[in-house]
Amino acid sequence: MHSAVGTRGVSERLRGFVSEAPFERGPIFEFVASAAAATEPGARVLDVGAGSAPYRELFEHAEYKTSDWDQSVHTEDDPPDVTAPADALPIEDRSIDVVLSTQVLEHVPEPGPVLREFRRVLVEG
């Protein structure tokens with residue numbers, strides 16, 4: 001994998017996840033690793049559409065929670081903290097510091113309501 005950030009220092013599990021589809025997941029990994037590095041310690045992070053939460057380890061310094069819908073095929077062994085559709089999260093307004101959502105919007109029929117929901121739960125600024 002050719003990466004500016006690289007997967008050095010991450011678990012074999014995450015390296016394997018990225019290497020399964022390097023052209024797709026490599027750039028996503030780079031972005032998420034960069035975003036995680038910029039996330040303040042203790043920040044509340046909600047990974048929407050987390051599936052098996054491959055990026056969890058990048059947010060060990062944060063309060064990381066996962067969310068997925070009830071028909072996800074990725075959560076059998078590790079169910080999400082929140083089970084709900086991405087456009088109707090049972091999360092308080094302005095209670096999340098970072099929303100992480102990769103490879104989700106292309107699967108929803110109307111991305112607008114999902115993005116509005118992300119804005120609703122995000123802390124101002």
Colleague: In Å and rounded to the nearest 0.5 Å, what is the CZ to CD1 distance from Arg44 to Ile96?
Modeller: 6.5 Å
Colleague: For Ile91 and Leu46, run side chain to side chain contact (heavy atoms under 4.5 Å, CB included): C-alpha distance rounded to whole Å, both residues' side-chain angles, the deciding distance at 0.1 Å, then the answer.
Modeller: CA-CA 10 Å; Ile91 305 284; Leu46 182 65; 4.2 Å; yes
Colleague: Among the clusters formed by ILVMFWY side chains lying less than 4.5 Å apart, do Tyr64 and Val98 turn up in the same one?
Modeller: yes
Colleague: Carefully, step by step, assess Val99 and Val121 under the rule side chain to side chain contact (heavy atoms under 4.5 Å, CB included).
Modeller: CA-CA 8 Å; Val99 171; Val121 301; 3.9 Å; yes
Colleague: Are Phe31 and Phe59 co-members of a hydrophobic cluster defined by side-chain heavy atoms under 4.5 Å apart?
Modeller: yes
Colleague: Do Leu122 and Val32 sit in one hydrophobic cluster, given that two such residues count as connected whenever their side-chain heavy atoms are within less than 4.5 Å of each other, even indirectly?
Modeller: no
Colleague: For Ala62 and Ala43, work out which heavy atoms get closest and say how close.
Modeller: CB-O, 3.3 Å
Colleague: How long is the straight-line distance from OG of Ser67 back to CG of Asp47, given to the nearest 0.5 Å?
Modeller: 8.5 Å
Colleague: Which is it for Leu58 and Leu14 under the side chain to side chain contact (heavy atoms under 4.5 Å, CB included) test, yes or no, and what are the steps along the way?
Modeller: CA-CA 10 Å; Leu58 300 176; Leu14 180 51; 4.1 Å; yes
Colleague: Any sub-3.5 Å donor-acceptor pair from His61's side-chain atoms to Ala36's backbone N or O?
Modeller: yes
Colleague: If we only count heavy atoms from C-beta on, is the Val82 to Pro80 side-chain gap below 4.5 Å?
Modeller: no
Colleague: One pair to check against side chain to side chain contact (heavy atoms under 4.5 Å, CB included): Val10 and Phe29. What are the steps and the verdict?
Modeller: CA-CA 11 Å; Val10 300; Phe29 168 79; 4.2 Å; yes
Colleague: In terms of ring plane angle, is the pair Phe17 and Tyr55 parallel, tilted or perpendicular, where the classes change at 30° and 60°?
Modeller: perpendicular
Colleague: Would you kindly confirm whether Trp69 and Val108 end up in one hydrophobic cluster when ILVMFWY residues are joined by side chain heavy atoms under 4.5 Å apart?
Modeller: no
Colleague: Could you give the distance from CZ (Arg13) to CD (Glu57), rounded to the nearest 0.5 Å?
Modeller: 7.5 Å
Colleague: Would you say the side-chain atoms of Glu117 pair up with the backbone N or O of Leu89, donor to acceptor, closer than 3.5 Å?
Modeller: yes
Colleague: In terms of hydrophobic clustering (I, L, V, M, F, W, Y; side-chain heavy atoms under 4.5 Å; direct or indirect links), are Val48 and Leu105 co-clustered?
Modeller: yes
Colleague: Counting N and O atoms only, with roles assigned by atom type, does the side chain of Ser34 sit under 3.5 Å from a partner on the main chain of Glu30, one being a donor and the other an acceptor?
Modeller: no
Colleague: Any side-chain to backbone donor/acceptor pair from Asp68 onto Gly51? Under 3.5 Å, distance only.
Modeller: yes
Colleague: Got more than 12 heavy atoms from elsewhere within 6.0 Å of CZ, Arg119?
Modeller: no
Colleague: His107 and Gln103: which non-hydrogen atoms are nearest, and at how many Å?
Modeller: CD2-O, 3.2 Å
Colleague: Surrounding CD of Glu20 (heavy atoms of other residues, nucleotides or ligands, distance under 6.0 Å), is the total greater than 12?
Modeller: yes
Colleague: Do Arg25 side-chain atoms and Ser19 backbone N/O form a donor-acceptor pair below 3.5 Å?
Modeller: no
Colleague: Please determine, by modelled atom types, if Thr66 and Asp81 share a side-chain donor-acceptor pair under 3.5 angstrom.
Modeller: yes
